[in-house]
Amino acid sequence: MEDGEARHGGGLNLGPGGGGEDLISALPEDLLLQILVRLRCARAAARTSPVSRRWRALWTRLPELTFRDVALGPLLQAIASLQAAAAGAGVPLLDICIVPIFFDSHDENAQFREGVSSLLHAAARLSTVELRFAVRPEIFTRSYMDVKAPLFHRATSIELHGLDLVFPGSQPRWLRLHLAPSIRLERVYTDPRDTFPALESLSLSSCSVDLTDLVLRCPRLRELREADGPQYSDIIIRSATLQELDMNSDTPFMFCIHIDAPALKQLALSFSTGGGITVAVSILAPLLEKVSWWCRYTTVTVGLGRWGLYKVTLKPAERHAQRDLTRSGEDDCLQLLHAHVLSLYSFAHISFSFPEAAAELTTEIEKHTIIHFSVLELHFMTRGHVFGALALHILGMHRICTATRSLKIVLWKEDKEACPVNCTCDEPRNWRSQSIFLTNLENIEIKGFEGENHEFNFLELLLRCATMLKRLTVRPSDEVTTSNDWCTKIYDIFKAYPIVECNLDLIPGSTQDSHSGAST
């Protein structure tokens, strides 16, 4: 046994007189590595080196190397040891999270930046296959100090957190922010030294990087996730291989969304716009199957009459909702497995005025219909105003009336304001007598019904226009006390359409039960 082993008590002597064989160190290397793997920490595994010669540098051959809350200096030393031991073999997984440091000066901050850059380059030289690299928010002040990042030529998966990155050949930050989208898309990387040739999965959080440039460097990229990034004024992605894209933009004013990805199947995108800006949307993804789309208007700039549009979402239908959409058999249920729900949120305010804005509203809504949907949800914060004209305009849009099989209308008042005489919320006033063709509409649910005259008018209009309707459910508002006259009026409407299954779900706790108004 070596002296070092005796000093550290590393040898396990089982023979007579303490001179037996070290049975643990005699185990096969695979079993020794399994022991170290269970430590779940590369630093703890490295501390086993003094046990015996068999254990020296054994930690460098771990399939997963995790460094958590380790200072930058020791990390650089550890990576240097790995590089010496790897001899070009490569590291399957390298997981680094740097310990928090608080800077007293700009020089210290710059020194730390250079250390992070050196650490990334050292990790690249290890031929890392899967890299997770995090700099905690407490460390790095968001002052746009670029970290010169290397290109990982063997990496298939990279996760980065808390870094401001610039790659070789990238445009300076001040320049790329002012480049037109068409110019930014012109660049093509043909030299493998400028690319990530093996990268398939990329995840960025709290990172600043030119995504347009980065994606063009990844000829095999399949998955891209970005969250809590900088305030991008535009999202421009072009990739022939990308299949999943998940982005969350915090900017309050988005100008352009351009995605050209012929292999894209899943898209999740969250963004905001407003301030009179008309965001340009172009999604070229013919294989798109699943979309989660969320757009919030920071200022209401489009609407109709007193009504303004403030949010649009497009997302997959929930499974329990899919079961409720139809009762016509398994075939319909199977068709709805990939159904999407388009949700439009509008609210009325006395200060809004959108006269003759129907065409503009149509254009704004249609830009969000980037995938086929069969469910439409209309959320109206009425505040005492009439919603029928707006709802009729939306339902009459060609893309909506031809696609919608199920319609849900949610009414809520919040703070009610006085609707003035001749209020523009009720224009055009002939909406009650108009007709549209809702030939694909089969299910309707109205939630928050209060029994106002204009609500009964709208209910009758829906029944008249939806000639293929199978099921109608009306749920009164929790604030409404249903009277016999109220119920009689709605049942009389139901009886005029005997082939439709009509249901009135009364307020929970009411003395009357839910009742079906269908005639047989």
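Values below: all heavy atoms of this structure, side chains included; hydrogens, waters and symmetry mates excluded.
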> Is it true that atom NZ of K290 has more than 12 heavy atoms of other residues, nucleotides or ligands lying nearer than 6.0 Å?
Replying inline: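 No, the 6.0 Å shell around NZ holds no more than 12 heavy atoms from other groups.
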> Any chance CZ of R432 has more than 12 other-residue heavy atoms, nucleotides or ligands included, within less than 6.0 Å?
Replying inline: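 For R432, atom CZ is crowded (more than 12 foreign heavy atoms under 6.0 Å).
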Output a table of donor-acceptor pairs, distance under 3.5 Å, between side-chain atoms of residues 375-386 and any protein atom two or more places apart or on a different chain; print 'none' if there are none.
residue : atom : partner : partner atom : Å
E377    : OE1  : S343    : OG           : 3.2
E377    : OE1  : H379    : NE2          : 3.1
R383    : NE   : D415    : O            : 3.0
H385    : NE2  : E417    : OE2          : 2.7

> If every non-hydrogen atom of L221 is compared with every non-hydrogen atom of T241, which pair is closest and at what distance?
Replying inline: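 Smallest heavy-atom distance, with atoms named: O-OG1, 2.6 Å.
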> Can you name the side-chain hydrogen bond (donor to acceptor under 3.5 Å, both in side chains) partners of Q266, sequence neighbours left out?
Replying inline: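 Q266: no side-chain hydrogen bond (donor to acceptor under 3.5 Å, both in side chains) contacts found.
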Salt-bridge contact [X]-[Y] (side-chain N to carboxylate O under 4.0 Å):
X: R217; Y: D213; result: yes
X: E427; Y: R306; result: no
X: E442; Y: R471; result: no

> Angle class for the H368/F271 ring planes (parallel below 30°, perpendicular above 60°, tilted otherwise)?
Replying inline: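 Geometry flag for F271 against H368: parallel rings.
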> When the aromatic ring centroids of F456 and F449 are compared, is their separation below 6.0 Å?
Replying inline: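 Yes, they do, as the ring centres are separated by less than 6.0 Å.
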Mind checking what makes side-chain contact (heavy atoms from CB on, under 4.5 Å) contact with [X], not counting sequence neighbours?
X: T278; result: E364, K367
X: T402; result: H398
X: T298; result: P252, F253, S272, R296

> Quick one: does F352's side chain get under 4.5 Å of F354's, heavy atoms only?
Replying inline: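 The answer is yes; the side chains approach within 4.5 Å.
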For a quick test of your reading: what N or O donor-acceptor pairs under 3.5 Å do the side chains of residues 281-288 make, sequence neighbours left out?
none

> Would N248 and W294 count as having a side-chain donor-acceptor pair, cut-off 3.5 Å?
Replying inline: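 Looking only at side-chain atoms, W294 and N248 do not form any donor-acceptor pair under 3.5 Å.
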